[in-house]
Amino acid sequence: MLQNIPTGLSVLELIYLIASVLFILGLKKLSHPETARRGNILSAAGMIMAIICTILFHKKDGQPIGHIGLILLAISIGTFIGWTIAVKVKMTAMPQLVSFFNGMGGAAAALISLMEFPRMNPDLIARTGMMNGHAIAILLGLIIGSVSFAGSMIAFGKLAEKIGDPKLKFMRVVNLTFMAGILAFTVFILTQKNIHLENISWMAYVLLGLSLIYGVTFVIPIGGADMPVVISLLNSFTGVAAAMGGFLYDNQVMLTGGILVGSAGTILTILMCKAMNRSLLNVLVGAFGGGGAGLDKVAGNIKEISVSDAAVLLSYSQKVVIVPGYGLAVAQAQHLCHEMEKMLDEKGVNVRYAIHPVAGRMPGHMNVLLAEADVPYDRLSESDEINEDMPNVDVVVVIGANDVVNPAAVDDPSSPIYGMPVVRVWEAKNVIVMKRGMGKGYAAIENFLFYNDNTRMLFGNAKESLQKLISEIKSL
Amino acid sequence: MLQNIPTGLSVLELIYLIASVLFILGLKKLSHPETARRGNILSAAGMIMAIICTILFHKKDGQPIGHIGLILLAISIGTFIGWTIAVKVKMTAMPQLVSFFNGMGGAAAALISLMEFPRMNPDLIARTGMMNGHAIAILLGLIIGSVSFAGSMIAFGKLAEKIGDPKLKFMRVVNLTFMAGILAFTVFILTQKNIHLENISWMAYVLLGLSLIYGVTFVIPIGGADMPVVISLLNSFTGVAAAMGGFLYDNQVMLTGGILVGSAGTILTILMCKAMNRSLLNVLVGAFGGGGAGLDKVAGNIKEISVSDAAVLLSYSQKVVIVPGYGLAVAQAQHLCHEMEKMLDEKGVNVRYAIHPVAGRMPGHMNVLLAEADVPYDRLSESDEINEDMPNVDVVVVIGANDVVNPAAVDDPSSPIYGMPVVRVWEAKNVIVMKRGMGKGYAAIENFLFYNDNTRMLFGNAKESLQKLISEIKSL
Amino acid sequence: MQEILSFIYVHKEAIFIIALSILLGIEVISHVPAILHTPLMSGANAIHGVVIIGAIIVMGHADTTASLTLGFLAVVLGTLNVVGGFVVTDRMLEMFKKKK
Amino acid sequence: MQEILSFIYVHKEAIFIIALSILLGIEVISHVPAILHTPLMSGANAIHGVVIIGAIIVMGHADTTASLTLGFLAVVLGTLNVVGGFVVTDRMLEMFKKKK
Ligand SMILES: NC(=O)c1ccc[n+]([C@@H]2O[C@H](COP(=O)([O-])OP(=O)(O)OC[C@H]3O[C@@H](n4cnc5c(N)ncnc54)[C@H](OP(=O)(O)O)[C@@H]3O)[C@@H](O)[C@H]2O)c1
Ligand SMILES: NC(=O)c1ccc[n+]([C@@H]2O[C@H](COP(=O)([O-])OP(=O)(O)OC[C@H]3O[C@@H](n4cnc5c(N)ncnc54)[C@H](OP(=O)(O)O)[C@@H]3O)[C@@H](O)[C@H]2O)c1
């Protein structure tokens, strides 16, 4: 038995082992800031090894891989398109791009299942009926892959702002119905006995159709701002779908890689929810989200500040902290923000940025945004760090942030964001808030910071306000 | 194929899976202080499940487990002895006990290999010669198991102070020779072809003998104080030996459990070395260790303090920190130490203990020691914590500690302990050092703390000095 | 029930591998700082592109034009996932690197 | 060489399980605080007592008196490792628990 194994197959297994370990190490390094980039390269190396060696060494019933020319063509096309898109797209469009690529993986998994379904071993089915590991893996791969594909495309559309956020309360019922339907139909397929495969091949297509629709109805009602969480969830779905393929072909690298992403993705989803102080269920069912312009029901005193006063206040301060938020990204004012920071720096003002982990609409949004504008990395501090020093800060400039500077998170136990870590800007000596009006943030709740004694509002689109502020500072 | 599998075997696999997961979770919880105890219980639950279900459900070639009565008898005997020893033995004798139990596991693994050797499948050997997975697993299990057994017994003897630390420089050569011999003999066995097993069964015994001797010669030259590290290493050896059994019987729980301990044990060994700022190689080859009474070559001023002066100084302080060390354990003075601390506490003195992670001769030695004397947990602080507050401390009492309060770790780059974290007692206003004389510590290096201006020595056995101090404080 | 149990027995190694991979995934990710959530999501996204291996196998053993076409599509999509995933992740991480 | 490669192929699942377990072991332990080193060592020591499963299997299928005797010994020693290991660890950890 030992002597008859072709060397190629053994080498392939070894390569698969190495690739799996590289995936794990890569993921591990990806979760530390200093090693993240190397981690990504490690996983990529594992992937390339696995692909090349599969083409070279894989055998099925003694047959090597055929159609190599076409396979290489397909890979070239995929590489060309993937690379071009990935390199060209703007930094701020990254989340939808991740969603798009995730959908591609899901589609590939679904296609594999679709093709394997009619090819199942008739002997096996004669013996066990459809209730066997092979059939289960195929069906799960089909369902999960297509849900992931359809869902990712919707998420992509939402983030690219091509699909809106319809308020569809009844969707919850529709979704549950669909889920039950898919489940029932799967069980129906699995309990078939003594059948010919040709007679039930159509069932795979029905299942595909159902799953695609479910993918759409699942994501449609969730608010656009929650898409990062949804993408992370669909990401772990695709991982599981890929693992099903590993089960099918007794292929350990697909199994490990897929399951690894499945479990890491699930944890990541939960972590992302936690960072927003919400539960996953809450995100999926959608208790809040979408934000919008809120009515000002609070009778309080709003104090505005003129651009010239703001310029003077900033120029003669010692310590200034800038708290960027979603509005800065919307206004695409990061470059102006950096310009102002440089000008103040030249005047001898100590300027830092307080980066809240969930400011914006994706984790790390602010880092990416400010990095795009070439803000030096050492100017960015985590909000916790800045909080300690807050009482010594002369002016905090809040640019398009709202929820992440809401004192309710600290002092109002009835608030939905109570307990979320926030930048405690109200402890600084002065606060200048730049936003367009009294619009609410993502959590759609009131922010009493704006009514504080030491808060001054500078209304207007962040880009224009910053522009004015800069010319004012220049002319001082 | 699917229908013919007896339910018992499937249940067994499921239980093995659960047990493996419990082992992993248990180990994970064991590494956090709050959950450690629950972690241990989790792993124990996994083990019990695995044992019971093996007896009930295991089948080999369709045969269930036989001799169940005898097996239960053996388990009862083992449980009785193990439990009795484990419960009776004094807390301070724990390390040698761990070593003893570790040796038992190693011996069991070696015995299994010894019995499996003549039972190898003759067909397999006819086809592949001895070079097959089965034979490799058996031989590795035999070698590693017996090295671990013999080594653990020696470590046990050293910690129980039944075996000394002979200074045998030539042992290194002997060891390398033995290792090479074992390796060569193993390769010799594995390259046998076309043989009858009966003709080579004696080889297993020779290998056993060689490995046992190597286990002894490997540990003998290492200093007694380094035994915790050696035990941790042998611990991971036994894990690997157990995993070999898993390979042999295609038994996943043995495989996972064994390998898990093998890798966790290796990391732990390295962490232990790191905490002492040494490399594993340095420990094994033995650059220093064993300690001993050192000659005082430093011309400096040693200032003694009388018991009554010390009592006055302590009683009228506000903040006192006690730094316990190996000498406290040797003198078994933990109860007296607690008594003194209570008396000072009643006088309104704020007393805390600074626990250095590698004070004593095993990690956590001081925690165990002081817990035995019922010192409340919240009086114990990690050395890092205390260090910050050190300048505000009125008196530090160093009881039988030496290396962990050596300023050379901070200011003498040429010192072998340079870089090791230490309790920076010299920053306190006064330091009282209680030890018998000018004996050196484990690292056998000079300690300039004793010559500092604010240091006073209180010579004598820790137990007697404390006794005198207590009656002095009482009479104040 | 019987079927599920037999299933477990037949696939015991795969199930062990799955269980261990799940635990590893959890263990490896659980301490990631929030700012790395997006790149990590993207990096994980690239890794499940390993589904391309399956696509290659299917296509490499395709016997009809229909299955060859579907297989071709699967390989293209899988490659998109892999290449796009890794490149996008790298671009994101580039933004995080310390500038001098 | 050929033999080693074939070996890898035949035992591919076991090898994967080993690789994953190694990584898990490293991952799980790597942040343990120093004061837990000794109990952790002891707890890990108890876990490799899983070798007792092998001892039970050997003894349960022993056919000669000699092998029965050796098997008996192996089970006794294995039990010692398991029981002693867990009990000692528990005793140590008891010492660490917060007293009220
Ligand atoms: N980062 C993530 O991963 C993530 C993912 C999902 C959800 N979230 C959630 O998103 C929120 C992030 O908080 P945040 O403080 O960054 O943003 P926010 O609370 O959503 O507030 C953004 C504010 O910016 C203002 N704004 C919008 N466009 C502007 C423009 N062109 N110029 C100036 N101001 C403009 C809006 O007020 P006006 O309309 O008055 O101008 C709005 O109040 C949190 O609630 C977080 O939980 C985060
Ligand atoms: N914890 C671990 O896991 C572990 C394991 C292995 C090695 N180590 C090493 O052990 C050392 C531990 O440091 P340490 O400061 O605790 O101990 P130490 O440096 O070994 O010093 C102990 C001191 O106690 C004194 N002493 C001995 N018996 C005494 C008695 N009956 N009454 C009073 N004093 C007595 C000795 O001086 P006299 O002879 O003058 O009395 C000696 O200088 C470190 O170097 C560490 O790296 C630790």
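In this text, all values refer to a predicted model and were calculated from it rather than measured experimentally. Naming: A, B, ... by sequence-line order, numbering from 1 per chain.
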Who among D:Leu23, D:Val32, D:Leu73 has the most heavy-atom pairs with chain B under 4.5 Å? D:Val32

Which bit of B:Pro64 is near chain D, if near means a heavy-atom gap under 4.5 Å: side chain, backbone, both or neither? backbone

If I measure from the heavy atoms of chain B, does D:Ile53 come under 4.5 Å with its side chain, its backbone, both, or neither? both

Using a 4.5 angstrom heavy-atom cutoff, name the option from D:Asn45, D:Val82, D:Ile29 with the most pairs to chain B. D:Asn45

Turns out that what part of B:His32 lies under 4.5 Å from chain D's heavy atoms comes down to backbone

Between D:Val76, D:Thr89, D:Ile26, D:Ile57, who has the most heavy-atom pairs with chain B when the cutoff is under 4.5 Å? D:Ile57

Most heavy-atom pairs under 4.5 Å with chain D, out of B:Ser20, B:Pro118, B:Ala36, belong to B:Ala36

Beyond-backbone contact of B:Leu17 with B:Gln252, side-chain heavy atoms, under 4.5 angstrom: no

Is there a side-chain contact between B:Met244 and B:Ile138 in this structure, where contact means two heavy atoms from C-beta onward sitting under 4.5 Å apart? no

What part of D:Val58 lies closer than 4.5 angstrom to a heavy atom of chain B: side chain, backbone, both or neither? both

Identify which part of B:Met47 has an atom lying under 4.5 Å from any heavy atom of chain D, answering side chain, backbone, both or neither. side chain

Report the option among B:Ile77, B:Thr266, B:Thr238, B:Leu260 that has the most heavy-atom pairs separated by less than 4.5 Å from atoms of chain D. B:Thr238

How long is the gap from OG on B:Ser152 to CG on B:Leu234, to the nearest 0.5 Å? 4.5 Å

Among B:Leu380, B:Ile68, B:Ile267, B:Ile24, residue most engaged with chain D (heavy-atom pairs, under 4.5 Å): B:Ile267

Heavy-atom distances under 4.5 Å only: say whether B:Phe237 touches chain D with side chain, backbone, both or neither. neither

How long is the straight-line distance from CG of B:Leu248 back to NE2 of B:His134, given to the nearest 0.5 Å? 4.5 Å

Hey, does B:Met366 have a side-chain heavy atom less than 4.5 Å from the side chain of B:His356? no

If you count the non-hydrogen atoms of other residues, nucleotides and ligands that lie under 6.0 Å from NZ in B:Lys59, is the total more than 12? yes

Smallest heavy-atom separation, B:Leu30 atom then B:Asn40 atom, equals CG-N, 4.2 Å

Are side-chain N/O atoms of B:Thr79 and B:Ser76 paired as donor and acceptor at under 3.5 Å? no

Pick whichever of B:Thr256, B:Ile75, B:Ile51 has the most heavy-atom pairs under 4.5 Å with chain D. B:Ile75

Selection from D:Val87, D:Ile52, D:Ile22 maximising heavy-atom pairs under 4.5 Å formed with chain B: D:Ile22

Picking from B:Ala50, B:Ser43, B:Gly258, which has the most non-hydrogen pairs under 4.5 angstrom with chain D? B:Ser43

Side chain, backbone, both or neither of B:Leu370 within contact of chain D (heavy atoms, under 4.5 Å): neither

Chain D contact via B:Val87 - side chain, backbone, both or neither, heavy atoms under 4.5 Å: both

B:Glu34 versus chain D, the contacting section by heavy-atom distance below 4.5 Å: neither

Sub-4.5 Å side-chain heavy-atom contact between B:Leu233 and B:Val229: no

Taking the side chain as C-beta and beyond, is there a heavy-atom pair between B:Thr84 and B:Phe80 under 4.5 Å? yes

B:Met254 versus chain D, the contacting section by heavy-atom distance below 4.5 Å: both

Measuring heavy-atom distances to chain D, does B:Thr54 have an atom under 4.5 Å in its side chain, in its backbone, in both, or in neither? side chain

Whatever's closer than 4.5 Å to a heavy atom in chain D on B:Leu97 counts as side chain

Contacting region of D:Ile17 [heavy-atom separation from chain B under 4.5 Å]: side chain

Checking heavy atoms, do the side chain of B:Asn251, its backbone, both or neither come under 4.5 Å from chain D? side chain

Counting heavy-atom pairs closer than 4.5 Å to chain B, which one of D:Ala46, D:Gly43, D:Ser30, D:Ala62 comes out on top? D:Ala62

Ring centres of D:His11 and B:Phe247 under 6.0 Å apart? yes

Is the D:His61 to B:His58 ring centre distance short of 6.0 Å? yes

Okay, B:Lys88 and chain D: the region with an atom under 4.5 Å from a heavy atom over there is backbone

Could you tell me if the side chain of B:Asn132 sits less than 4.5 Å from the side chain of D:Phe7, heavy atoms only? no

Please classify the contact between B:Leu111 and chain D as side chain, backbone, both or neither, with a heavy-atom cut-off of under 4.5 Å. side chain

Once rounded to the nearest 0.5 Å, what's the spacing between atom OG of D:Ser42 and atom CG of D:Leu93? 8.0 Å

Using a cut-off of under 4.5 Å for heavy-atom pairs, which of B:Lys274, B:His365, B:Met272 has the most such pairs with chain D? B:Met272

Contacting region of D:Ala55 [heavy-atom separation from chain B under 4.5 Å]: both

Given 3.5 Å as the limit, does a donor-acceptor pair link the side chain of B:Thr269 with the main chain of B:Gly265, or not? yes

Toward chain B, the part of D:Leu20 with a non-hydrogen atom under 4.5 Å: neither

Name all pairs fulfilling the salt bridge (charged side-chain N to carboxylate O under 4.0 Å, His left out) condition that reach into residues 234-255 of chain B, sequence neighbours left out, sorted by first residue then second. B:Asp250-C:Lys12

Pick from D:Ile47, D:Leu70, D:Leu68, D:Val75: which one has the most heavy-atom pairs with chain B under 4.5 Å? D:Ile47

Would you please name every residue forming a salt bridge (charged side-chain N to carboxylate O under 4.0 Å, His left out) with D:Glu13, sequence neighbours left out? none

Proximal component of B:Glu382, with respect to chain D [non-hydrogen, under 4.5 Å]: neither

For residues D:Arg91 and B:Met94, determine if any side-chain heavy atom of one lies less than 4.5 Å from a side-chain heavy atom of the other. yes

